[in-house]
Every structure is written in C-alpha cells, then in structure tokens.
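Naming convention: chains lettered A, B, ... in sequence-line order (proteins, then strands); numbering from 1 in each chain. Nothing here was measured: the structure is a model prediction, and the numbers come from that model.
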Amino acid sequence: MQFMLLFSRQGKLRLQKWYVPLSDKEKKKITRELVQTVLARKPKMCSFLEWRDLKIVYKRYASLYFCCAIEDQDNELITLEIIHRYVELLDKYFGSVCELDIIFNFEKAYFILDEFLLGGEAQETSKKNVLKAIEQADLLQELNAFNVN
Amino acid sequence: MPAVSKGDGMRGLAVFISDIRNCKSKEAEIKRINKELANIRSKFKGDKALDGYSKKKYVCKLLFIFLLGHDIDFGHMEAVNLLSSNKYTEKQIGYLFISVLVNSNSELIRLINNAIKNDLSSRNPTFMCLALHCIANVGSREMAEAFASEIPRILVAGDTMDSVKQSAALCLLRLYKTSPDLVLMGEWTSRVVHLLNDQHMGVVTAAISLITCLSQKNPDEFKTCVSLAVSRLSRIVSSASTDLQDYTYYFVPAPWLSCKLLRLLQCYPPPEDGAVKGRLVECLETILNKAQEPPKSKKVQHSNAKNAILFEAISLIIHYDSEPNLLVRACNQLGQFLQHRETNLRYLALESMCTLASSEFSHEAVKTHIETVINALKTERDVSVRQRAADLLYAMCDRSNAKQIVAEMLSYLETADYSIREEMVLKVAILAEKYAVDYSWYVDTILNLIRIAGDYVSEEVWYRVIQIVINRDDVQGYAAKTVFEALQAPACHENMVKVGGYILGEFGNLIAGDPRSSPLVQFNLLHSKFHLCSVPTRALLLSAYIKFINLFPETKATIQEVLRCDSQIRNSDVELQQRAVEYLKLSSIASTDVLATVLEEMPPFPERESSILAKLKKKKGPGAVSVTELEDSKREGGELNGGGDRGPDTASTPSPSADLLGIRSAAPVGAAPASAGSLLVDVFSEAGTTTTLPSSSLFWLLFVCKNNGVLFENQLLQIGIKSEYRQNLGRMYLFYGNKTSVQFASFTTTPQLNVQTKPVEPLVEGGAQIQQVLNIECLTDFSDAPLLNIKFRYGGALQNLTLKLPVTINKFFQPTEMTSSDFFQRWKQLSQPQQEAQKIFKANHSMDTEVLKAKLLGLGTALLDNVDPNPENYVCAGVIQTKGQQVGCLLRLEPNAQAQMYRLTLRCSKDSVSRRLCELLAEQF
C-alpha cells in the first residue's frame, strides 16, 4: 500500500498515512485530487478505480471515507477488508467510533494504525492482539499519570 | 474496553481543537492558529523550563496544526527531547511528531537516531516497537545507514518478543525498499525464510511481506521459501474455520496470510518437486471448490475475504499458465462473477479475465462470455466497470469475432464517456487494422470512427489509415469513393477533410470516370470545406490542389484562380502563403513531365509496427512507476520516436526529386517552413546528418549557415531549433524532446540575454516534446553568442546544462544585389586598413562548388555572379541590420583547389563586424 487517507463527506482530511516518500506539495496535490474524485462517485459504484498507475480502493463508513492506494499487483478485495478491520479496531477501542473521536483523538487513530499496518503491509491482523498492544500502552500511560500525581 | 479520555487526556489540546472547529471561516481559523503558534513559540523560547506534559501538549498541538494542512517550521527540537523521556506517553507523542514531520536537518537526525538506538537496546518490547515503527514510518537513508545491520539481528534472535519481530520484519522491508544496497541479508537469509514456519500467525503475516519483496529481487537465494509457503498454505486452506481463532475473519481462515502466500508463490515458476506441486494444485482446487460452496455468512466481509483468496489463486494459476484444467475452471468461475450483483466482483472478474484471454489454454473459454461482456459495456452504470468491459473485449478479440466487437465498440463510442474516448478510438483502430480481412471494412471502420468521435481521433490514427491506403492498391479506389461520399455530409469533422484531401489528391483519378465525382466536382467539394478548416488542414488541401492539377489538367485554370486570389497568395500565414506562391509558380512554369515527376503518387510507406499500437502502449505506460514519476494525462504534440511516421501534411513529397525544396531555398532568407507541432524529425528534414556530430560546439558551428536543425543531443534530451530572421528581429523556436520514457520535472530554461520568452512547461513527459519561442532583437553588433541554461530533474538527479544559442551576427543580414561596378566602387570606399579583415586557411570541408554556394547563401548575403573576374571566386554583399545602425558588408572568398586553401576577405563599414564575420566564416569552409 502506498498511502491511506481518511476524509469526511465535506472533503476534510482526518488522517493521512504515507508509506512512500513524497514531498508535502505532492501529498497535498494527491489528496486534493483524490478527495475530489472519490467524493464525485455515486453510492452504488464499484469501490475500485484506476488512478494514475495506482489502484484506489475506498469505502464509506457513515460520514467518513477510507481510501487506500495500492499497487498494480495488490489485491483489491483484501484491501477493502483491511479498511474494514481498521474500522473495527477503532470501533472497539473508542466504543462505537464516530468522526469526532478521530478528530479529538487523532494521535490514537495513528497509534492504532501503526499497530495494525506498518510500512504499508499488514503487521498484525488479529483484532485481539492489536488491541492488547494498545491497551498495554494505555496502561503505561495511566501508570505515568499516576506517578505524576 | 477502557473508556477513551483517560488520564493522559490533554485538555488544552481538546480546547484548541474545539476552538478550531468552531471557527466560522477560513480566516478565523488561520487567525486562531497563528495565535496558538505564537503562544507555543513563546513557551518554547521562554526561560522557564517546560515540564514533559506541557512539551507533549504543545508538540501535539503543532502536529494537529500540521495535519490541518499548515506548515510547521519549529518544535522539532522539543519533539526530539520527548523521545528520551522515560514517560511512555511523552515518548510516544515525540515519535509520532517525528514520523509525520521528518526534517532532514542532520543534527536532528543524529539526535533522533541516538534516541532510537537507546530504545532498541532497552529490551522493553513496547519501547522497541515504538522505535521500529518510527524507522518504518520515516524510512530515510540516514536511518538505513544507522540500523540496517542491527534490525535483522533483532528479527531472528531467539529471545525477541513476537510483537517486536513483527515490527522488525516490516521495518526492514521499508528500509530495503528505500536503500536496498544497505540491507544485506546474507547469513540471515535461511532464518528469515524459516519465519514462514513460525508458530505465531502474526509473525508469519509480517515476515512474509519482507520475504516476498526479497524474493522478487533475489529469487535464487530465497527459493526454499516455495515449499514452506506451499505447506503453510495447505494447512490454512484445509483448516476448519474455527481452528485459527482470532486469525479467522468472518469464517475465513487467515485471509490476509493466504493472499500473501499466494502472492509470494507468484514470484516463482511452478514448483519442480512433484510432491510440492501436487500439494499446491490441491490447494488451488480446494480454493476453487470453496467458491462453489454456500456462504457461511451473509456478510459482505465474508464473501470479500473468501473472494480475495480466490482472485489471488486465479492470479497464480494465470501466472503459471500451465494447468489447462485450472485455467478453464478459473474462467468459468469468473464467468459466474460477470453477472454477480456485487459491482466490485463484476469489475474484478472483467479485469482478471483480461489476463486469462491472453493464455492459449483459456482464450476460447473467455470468448464464450462475449455476449455478457458486450452487455456489460452497454448497461453497466459505472464508467470504470464499462472501461474494464471494453478492455476485455479488446483482449478477447480475434479474427473470428473482430467484426462483432469492433461494431459494438463503435456503437458504444457514440455515447462513451469523454474520459475513455481517446483510448477507445485507438483500440478500435488497432483491432480494425489487425483483423482486417478485406480492407474496405477497415476503411469503413476508420471513417466511421472519424465521423463518430472525430475529436478523439489522434494524428496517429488518421496517418495510419493513409499509410495503409497508400500501401494497398486494392483498396485505393474504394477509399476514394468512400471519402468522397463521407465529405458530402453537410458537417464533417476536420479530420475527415484531412483524410479526404489526402486520398482524393492521390487517388481522386480512380473515381473521376463517374460524372457524379468528376474532377471539378471533387475539387469543389474539397474547396467548400477549405474556409472552415485550420491552417494545417488548409495547407494539406493546397497540396491536394496541386496534385489535382497534375491528375486532372482540366482543373488547372480553376485551381490557379483559387491560388492566385488574395486570400491565398497574400495570406498572413507564412506557410499558406508560401504554398500558394510556390504551387502557383510550379503549375505555371513546370512542364507536364516535371509536374508529373514532382507530384508523383506517394511511394509505399515502409512497413513497421503500427504507430497507433505504439501510442496505446505508451498511453498504458510501463506499469510499475512510483508515485513520484506519475504521468499527468496531458500530452504534448510531437513525439521523438514518431520519426518514420511523417505526417502526410508535409508539403513536399518525399520522393527524391523533391524540387519544391529547391524553390524553397531560393525564397527569401528567413521564410522558414513552419508548422509548429509537427513531428520533430520533420522539422529537421533539412538538417542532414548532424546527429552524428559528437560535441555541442560543433553543432553550434553548423548553425552559422543554416537556421534549422539539432542543436544538442545526449541520451536524455534532444534540442532542436527552427529560427527565422527579418531585419534586426529574429524568432527562434526551441524544441525540447524527452528521449526517455520518464518524466522530466522542474524543467526550466533561462536564456542569458535580453530576449522575450515565455517560460516553458515545468514537466516534460517521457517521449514528449515541448516548444519554446524566443523573440530576439539585435540592438548592436556583437560577437559572443547568448547562452541558454537548462535545468531539470530526471529521476532524482538534477541535470544542468548551458548551451550557446546559435545567434550570430550574420543572422541579421539582408542580401544586397548589385552590379560589378557598384561592387568595386564600394569595395574601394571601404579601404581603411581596420575595415578589412582577411584570413588564409586550410579547407576543412568539401570544396565542391554547390556546397560552397549553399553555405554562402545560408550566411544570409546575396551571392553575386559575374562580379569577380575570376569565375572560381565568390563574391557576396549584404547589410547587417541592428536596431541602431546598418552595417554594409562585402565578402570575397578565393578557393585554391590545388592547395586545398582559401583566402577570405571581408570589408565592412564597421571594423568589429569585419573581424567577427571573418572569425565565424573561417570555421565554415
């Protein structure tokens, strides 16, 4: 996977993860272009499209679009399920996740993504294991908070 | 699950985010952000040492601001400080900031690497994972240098925790992708391959991505992975849906790992070991069987995961292309998907079938689905699915179904989306040519194509139909008749006029016997379109007219009348005017025989790969290009490699007796034949063999006596020049051709003289050409040529070159005709010693009279006959026009053929000009 973008129906970018080195300018250009392309598509259309020489896989969950760019040999359907598993992880962690959770706890959204995907590849697909890692980190945080007091 | 806002919640951050969300306008948001930035800056600069929590909070705010799309140019140091905090939450935010906002500041990189090193050796798995995530997210070369040798050790060490192994594997993958030279597996290879046997499914899932990437690059070293992958796959495929516990996803056992295993196997040919191969075939059969079983869940996640494995298995079957049974089964399975209610599956089935169509084993099986695919092309609501259907029709086309497919594609074109029309047109044109049994069908198809989608018919397509008609006698009469009929439509596309003009000009005689298409009727039909056409088409029509004069002498008077009218012979476009003048002259002075030779029928084109096929290939691109080199879809006119396919709109016939060129060189200096955007090679048709010259300075010298040609060429870039001069003004067209298949980025050119020019396009696509015009004014006489600096990025590297532009003082010559007595009178007037410059030098080039004459004419002066008493000598006269003054110049060149020497004498009204001209010219002969 080359990158993943989360954006709202209004086109606001909520999360961006780049797995290939690109300049900020290029990132902005790509984001603008893709957000526009994906938002222009109708609900029943297929979830895949060719874009430049990449394949775009996207899916909408409530007000949020999850959009991944994969390479030619990559598998579209399994990428759709990567998106779904990430949504499940967020949902389980935040307890019925909504866009606001991701806005106000953006750093958590990044941490969860890093446990699940690394360098654009699935690192750990077990929901339990990913959440266990995050819980452990949270536990460390609580201990820290405790120490400070 | 724990509730979210826990002890680490940063209230200040939440307040700030709420503030931003409450901003009513973009301006308010920017104002709020600037206020916050000022606040943070002052906190960071303040004397009071900030505690870790505050630092974390502010760094987090900066991160939020950055993610909103604003630039952040400070805070890096504070983030780096957080890395070495022993509080996990601070460390974590520090790492996040660094991952998102890396700065190539070398001092910081050293500090970051230090912190990472500490965490890697901390033996605390949570810290180790954080550090590894950071390396994987940044993936810079500096990090590869620091850690590429350490990570493999962590990956295979017996006491490493599973979660750390997972991170280490993917971290290494990222480093390998950025700096493959620094990641040396060597001694670790076999232990890394054996991670495929690891007990922990998560470790296998992560490690296999690394192994796949390494196998692609070094298949031999990693080939033991094949049998391991097959046995792992076999265990998963045969497991019950509950065996793998949390690695089962919606009743599908380990879908991600299965897909990755099947993907890894696609790096290798089918296993040689019979047992391994048998086991693999069994797996593939099981996967195909499972597709037929009733679903275990109605959820789309279940079917997606299951089908993801199925499609990956089909890819492997296609990759092997050796098991007819499996190929046909795969095809049947995809056939079922073609009518599935899920759009996604229909899309993927169409896509996957395209590759099946190219296998000899499954081509016929794919063809049985033709009706379904045609139906998809007509009824799918999503353009991307229709595009796939069109691709598949193209892939399954052969002689047996070509007529049906081409007809369907043509009728689809009538309503096709604009975004895919051009490609559809190319495909129809290619299929029509490739499977043409009788060429009248081909001609009909292409003319239909122009009728339906004229705007999308690129030059290549209509060039090609002309090439084919010219090369095939049996279709010429039919083509003439058909274009004649097509042109009778009240509104027809300009491309139709081009094809019509060209074909009637060549073969109009074949239908002239019919009074309904008599020569005059043909001419009037063509000419009725003339005024609606663009300049290049008009130019082509003028050439068709002169061909008519040859074909049908009875039209001569009518056509001459047309050529003679003011709108032609005084046309403001130089090309049209020139053609009108030349053709009129040619038709009035040349004898019938000469006309017949000059305007002979075009010789057959040499057979070569279809230019449209080449264009389609180019459009599709070589595939694996990274995002940085992505092509924009816009396309420039000329193509360097289009050389052989010269457009039929070149005025002069390419036959060797191209006398039109002779007329042209007698035309006033500076009337360069121009039709911008024509193929580069056409531009250089007069350039001769310059390409063989080694250095650019030699290229430059050649331009003293000519105006057009190749100025510079290396492996990447070719620069061609066309220029024209009038009095003290000049205009130079520079053509920058990208010879590679890769885009040039940040392309800039800076002429170092006072010229008017528009900046060039910053991107030059692979194989494309861009043009730049320089307007030049000569203010005073000069001796140094202006320089042109060119910079661009090719791949990662910056290319920089500086060239001398071939602008020399002689370009501003106006030829002066004078009699012998006038000449000698002026010669005597210019008798002061400094007014004369003389050089005696050895001949470097041919001393042939015609060559010398051509050079002296190219110089821009008038070559005077019967002036010098010695007929072997050459005498020229001209006036150099600068803005401020005119400089009269007289020249005398005395060759001595026996000694292979020349004596060159110049006398000018300005002494610096004499010297400069003498220097310039001494190098020319």
Side-chain angles (χ1 to χ4, degrees), chain A residues 2 13 16 19-22 26 28 30 44-50 52-54 71-73 75-78 80-82 84-85 92-95 101 103-108 110-111 114 118-119 121-129 131 133 135-138 140-142 144-146 148, chain B residues 1-4 6-8 14 17 21 53 60 64 67 69 87-89 92-93 96 126 133 136-137 139 163 166-167 170-171 173-174 178 201-202 205-206 209 246-247 249 255-256 259 263 301 304-305 307-308 311-312 343-344 347-348 381-382 384-385 621 623-628 630-631:
Chain A
Q2 297 217 344
L13 192 58
Q16 45 175 320
Y19 298 111
V20 284
L22 290 171
E26 281 169 295
K28 280 187 184 162
I30 291 174
K44 285 277 160 137
M45 285 187 164
C46 96
S47 311
F48 319 125
L49 54 126
E50 284 187 330
R52 301 191 179 176
D53 62 351
L54 295 175
E71 281 151 67
D72 193 43
Q73 358 44 342
N75 190 311
E76 292 97 337
L77 286 174
I78 208 73
L80 262 186
E81 295 319 301
I82 285 203
H84 187 75
R85 173 113 291 181
K92 195 93 181 169
Y93 183 78
F94 288 108
D101 291 319
I103 297 174
F104 280 93
N105 302 283
F106 68 95
E107 79 283 10
K108 293 283 186 223
Y110 278 95
F111 297 147
D114 270 356
L118 193 59
E121 297 283 339
Q123 172 176 223
E124 177 55 86
T125 60
S126 152
K127 198 153 67 175
K128 276 187 196 150
N129 289 351
L131 290 169
E135 274 170 51
Q136 269 173 0
D138 281 341
L140 279 174
Q141 290 183 336
E142 288 191 12
N144 287 332
F146 188 71
V148 170
Chain B
M1 284 311 291
V4 175
K6 290 178 296 278
D8 71 310
I17 295 176
R21 285 180 55 75
Y53 170 79
C60 221
F64 182 78
L67 292 171
K87 294 205 181 76
Y88 178 75
T89 129
Q92 200 183 20
I93 294 292
L96 180 59
T126 319
H133 291 177
N137 282 324
S163 61
Q166 287 167 276
S167 298
L170 293 174
C171 185
L173 170 62
R174 177 68 196 269
T178 33
M201 293 283 276
T205 307
S209 296
D246 208 36
Y247 289 92
Y249 180 83
W256 284 281
C259 284
R263 176 87 195 87
Q301 283 77 26
N304 278 352
N307 292 327
F311 275 105
E312 206 59 65
T343 315
N344 288 346
Y347 177 95
L348 294 175
R381 280 199 237 147
D382 184 345
S384 39
V385 185
V625 192
S626 73
V627 195
T628 42
L630 288 173
E631 271 190 286

Please tell me whether [X] and [Y] have a donor and an acceptor in their side chains that are separated by less than 3.5 angstrom.
X	Y	value
A:Asp138	B:Tyr88	no
A:Gln123	B:Gln166	no
A:Tyr110	B:Gln92	no

Is any side-chain heavy atom of [Y] closer than 4.5 Å to one of [X]?
X	Y	value
B:Tyr347	A:Ser47	no
A:Thr125	B:Tyr249	no
B:Leu348	A:Glu76	yes

Is chain A contacted by the side chain of [X], its backbone, both, or neither, given a heavy-atom distance below 4.5 Å?
X	answer
B:Leu173	side chain
B:Phe64	both
B:Thr126	side chain
B:Ser384	side chain

To check you understand the geometry: which heavy-atom pair defines the closest contact between A:Met45 and B:Thr343, and what is its length?
C-CG2, 4.5 Å
Closest non-hydrogen atom pair, B:Leu170 against A:Ala122
CD1-O, 3.7 Å
Between the main-chain N or O of [Y] and the side-chain N or O of [X], is there a donor-acceptor pair closer than 3.5 Å?
X	Y	value
A:Glu81	B:Ala305	no
B:Asn344	A:Phe48	no
B:Asp382	A:Cys46	yes
A:Glu121	B:Ser209	no

To the nearest 0.5 Å, what is the distance between [atom1] on [X] and [atom2] on [Y]?
X	Y	atom1	atom2	value
B:Asn304	A:Leu77	CG	CG	5.0 Å
A:Gln136	B:Ser163	CD	OG	7.5 Å
A:Tyr19	B:Arg174	OH	CZ	9.5 Å
B:Asp246	A:Lys128	CG	NZ	5.0 Å
B:Tyr247	A:Lys127	OH	NZ	13.5 Å
A:Ile78	B:Phe311	CD1	CZ	12.5 Å

Proximity breakdown for A:Glu71 and chain B, heavy-atom pairs closer than 4.5 Å
neither
Portion of A:Phe104 that has a non-hydrogen atom of chain B nearer than 4.5 angstrom
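Both parts, backbone and side chain.
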Give the C-alpha distance, both sets of side-chain angles, the deciding distance and a yes or no for side-chain contact (heavy atoms from CB on, under 4.5 Å) between B:Trp256 and A:Glu124.
CA-CA 10 Å; B:Trp256 284 281; A:Glu124 177 55 86; over 6 Å; no
Most chain A-contacting option - heavy-atom pairs closer than 4.5 Å, from [options]:
options	value
B:Val385, B:Leu96, B:Thr205	B:Leu96
B:Ser167, B:Pro255, B:Cys259	B:Ser167
B:Met201, B:Gln301, B:Glu312, B:Arg381	B:Gln301

Heavy-atom pair count under 4.5 Å with chain B, highest-scoring of A:Asn129, A:Ile103, A:Asn75:
A:Asn75
